S.K.: 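Handing you this structure, nothing more for now.
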Amino acid sequence: MTKIDERFYTVPELADNLGITPRTIRFYEQKGLVNPQRAGTTRIYTRQDRAKLLIILRGKRLGFSLREIADYLDLYGADPTQAEQIRMLLGQVRERMSDLEEQRQALDVTLDELREIEQQSIDALQEKGLDPES
């Protein structure tokens, strides 16, 4: 890597570095979540842009919407103490955890119902002298 590569990334370099496609980076750029600099016609990304992309990717992996991620990124660098950003993150994390707990409960109910139907089906086949596994 040359010295300039240590400070800036092109789309393909950044995509390779983050394990994503260039199209993904362009999508987040179109959504206004990252705003690369230009060197002629080449878009170049800074370490701060890379950090933002890491936040975006983590947020998506954890189930946050692009709007929620954008709201969080709007505070990125705006408050030197990052207190407002951390409070927003805390609220979003708590809300996401609550949503996931509700989903887990719904899944548990569904799984219990399916297990009951499975057992009823096995019992019905066995009552008819049939092997449930064939």
Side-chain angles (χ1 to χ4, degrees):
M1 253 186 198
T2 64
K3 192 167 190 131
I4 197 164
D5 287 338
E6 292 173 9
R7 293 180 38 221
F8 298 103
Y9 302 88
T10 63
V11 171
E13 289 169 337
L14 189 56
D16 187 54
N17 181 268
L18 297 176
I20 57 177
T21 65
R23 184 176 180 194
T24 300
I25 294 173
R26 289 186 189 101
F27 173 78
Y28 293 133
E29 182 183 337
Q30 289 170 349
K31 295 294 181 182
L33 298 175
V34 287
N35 299 301
Q37 300 173 20
R38 299 246 179 216
T41 58
T42 303
R43 293 188 306 279
I44 55 173
Y45 294 84
T46 63
R47 287 184 178 171
Q48 186 175 18
D49 293 324
R50 182 183 179 279
K52 283 184 177 184
L53 280 166
L54 286 171
I55 290 169
I56 293 164
L57 295 170
R58 185 176 190 198
K60 289 304 296 172
R61 188 174 62 253
L62 295 174
F64 292 105
S65 70
L66 285 181
R67 179 75 256 149
E68 291 168 322
I69 294 168
D71 290 345
Y72 181 77
L73 288 175
D74 285 345
L75 298 174
Y76 190 83
D79 175 9
T81 67
Q82 295 184 330
E84 191 175 345
Q85 188 179 22
I86 293 168
R87 282 188 191 99
M88 176 185 276
L89 177 61
L90 178 60
Q92 288 177 333
V93 164
R94 286 178 173 164
E95 186 176 326
R96 182 70 181 132
M97 287 175 14
S98 175
D99 291 346
L100 288 171
E101 286 294 337
E102 287 177 24
Q103 289 176 4
R104 181 192 311 197
Q105 290 172 0
L107 283 171
D108 287 342
V109 167
T110 301
L111 284 168
D112 287 345
E113 288 180 40
L114 288 169
R115 285 184 187 105
E116 184 178 326
I117 293 168
E118 175 190 37
Q119 190 58 54
Q120 289 171 354
S121 299
I122 290 170
D123 292 346
L125 286 168
Q126 287 175 339
E127 284 175 15
K128 296 180 184 300
L130 301 171
D131 181 6
E133 303 304 321
S134 56

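Note that the structure is a prediction, hence the values are computed from the model and not measured.
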S.K.: Is any NZ, NE, NH1 or NH2 atom of the basic residue among Arg115 and Asp112 found under 4.0 Å from an Asp or Glu carboxylate oxygen of the other?
M.R.: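 A salt bridge is present here (some side-chain N lies under 4.0 Å from a carboxylate O).
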S.K.: If you round to the nearest 0.5 Å, how far is OG1 of Thr46 from CZ of Phe8?
M.R.: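 Rounded to the nearest 0.5 Å, the CZ-OG1 separation comes out at 7.0 Å.
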S.K.: When you look at CZ of Arg23, are more than 12 heavy atoms from neighbouring residues, nucleotides or ligands closer to it than 6.0 Å?
M.R.: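 Not more than 12 within 6.0 Å, no.
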S.K.: Can you tell me how far apart CD1 (Ile86) and CD (Glu84) are? Round to the nearest 0.5 Å.
M.R.: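 Between atom CD1 of Ile86 and atom CD of Glu84 there are 11.0 Å.
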S.K.: Can you tell if the side chain of Leu90 reaches within under 4.5 Å of the side chain of Val93, non-hydrogen atoms only?
M.R.: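 No, too far: nothing below the 4.5 Å cut-off.
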S.K.: Report yes or no: does Ser98 contribute a side-chain atom to a donor-acceptor pair with the main-chain N or O of Arg94 at less than 3.5 Å?
M.R.: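 Absent.
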S.K.: If you look at every heavy atom in Pro132 and Ile122, which pair is closest and at what distance?
M.R.: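 Nearest heavy atoms, Pro132 then Ile122: CG-CG2, 3.8 Å.
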S.K.: Heavy atoms only: give me the nearest Thr10-Glu13 pair and the separation to one decimal.
M.R.: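 What the structure gives for the nearest pair is N-OE1, 2.9 Å.
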S.K.: For a quick test of reading the model, state the closest non-hydrogen atom pair linking Pro36 to Asp49 and the distance between them.
M.R.: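 In terms of heavy atoms, the two residues are closest at CA-OD2, 4.1 Å.
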S.K.: Looking at Glu95, I want to see if its CD is surrounded by more than 12 non-hydrogen atoms of other residues, nucleotides or ligands under 6.0 Å.
M.R.: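 It does not: Glu95 CD has 12 such atoms or fewer within range.
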S.K.: Could you see if Leu62 belongs to whatever hydrophobic cluster contains Leu100? Use Ile, Leu, Val, Met, Phe, Trp, Tyr and a side-chain cutoff under 4.5 Å.
M.R.: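 As far as the 4.5 Å side-chain criterion goes, Leu100 and Leu62 are not connected within one cluster.
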S.K.: Measure the spacing between CD of Gln120 and CD of Glu116 and express it to the nearest 0.5 Å.
M.R.: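 It is 5.0 Å, given to the nearest 0.5 Å.
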S.K.: Going by the side-chain hydrogen bond (donor to acceptor under 3.5 Å, both in side chains) test, name the single residue among Arg50, Lys52, Glu29 that passes it with Tyr45.
M.R.: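 Result for side-chain hydrogen bond (donor to acceptor under 3.5 Å, both in side chains) with Tyr45: Glu29.
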S.K.: Taking side chain as C-beta onward, heavy atoms only, is Leu66 less than 4.5 Å from Phe27?
M.R.: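 Leu66 reaches Phe27 side chain to side chain.
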S.K.: Taking all atoms of both residues into account, what is the closest heavy-atom pair of Leu33 and Ala70, and its distance?
M.R.: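 Smallest heavy-atom distance, with atoms named: CD2-CB, 3.4 Å.
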S.K.: Ignoring hydrogens, what is the shortest heavy-atom contact between Val11 and Pro22? Give both atom names and the distance.
M.R.: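 In this case the closest contact between Val11 and Pro22 is CG1-CB, 3.5 Å.
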S.K.: Are the side chain of Asp71 and the backbone N or O of Glu68 linked by a donor-acceptor pair below 3.5 Å?
M.R.: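 The answer is no, because no donor-acceptor pair under 3.5 Å joins these two groups.
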S.K.: To the nearest 0.5 angstrom, please state how far the CD atom of Gln37 sits from the CZ atom of Arg43.
M.R.: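 Answer rounded to 0.5 Å: 13.0 Å.
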S.K.: Taking atom CG of Asp99 and atom CZ of Arg96, what is their separation to the nearest 0.5 Å?
M.R.: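 One finds 6.5 Å between CG of Asp99 and CZ of Arg96.
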S.K.: Please determine whether a side-chain nitrogen of the Lys or Arg among Arg104 and Asp108 lies less than 4.0 Å from a carboxylate oxygen of the Asp or Glu.
M.R.: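 So Arg104 does not pair with Asp108 through a salt bridge.
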S.K.: Give, for atom CD of Gln92 and atom CZ of Phe64, the distance between the pair rounded to the nearest 0.5 Å.
M.R.: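 One finds 5.5 Å between CD of Gln92 and CZ of Phe64.
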S.K.: For Ile25 versus Val34, what's the shortest heavy-atom pair and its separation?
M.R.: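 For Ile25 and Val34, the tightest heavy-atom pair comes out as O-CG2, 4.5 Å.
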S.K.: Is it true that atom NZ of Lys31 has more than 12 heavy atoms of other residues, nucleotides or ligands lying nearer than 6.0 Å?
M.R.: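 No, because the 6.0 Å sphere around NZ of Lys31 holds 12 heavy atoms or fewer from other groups.
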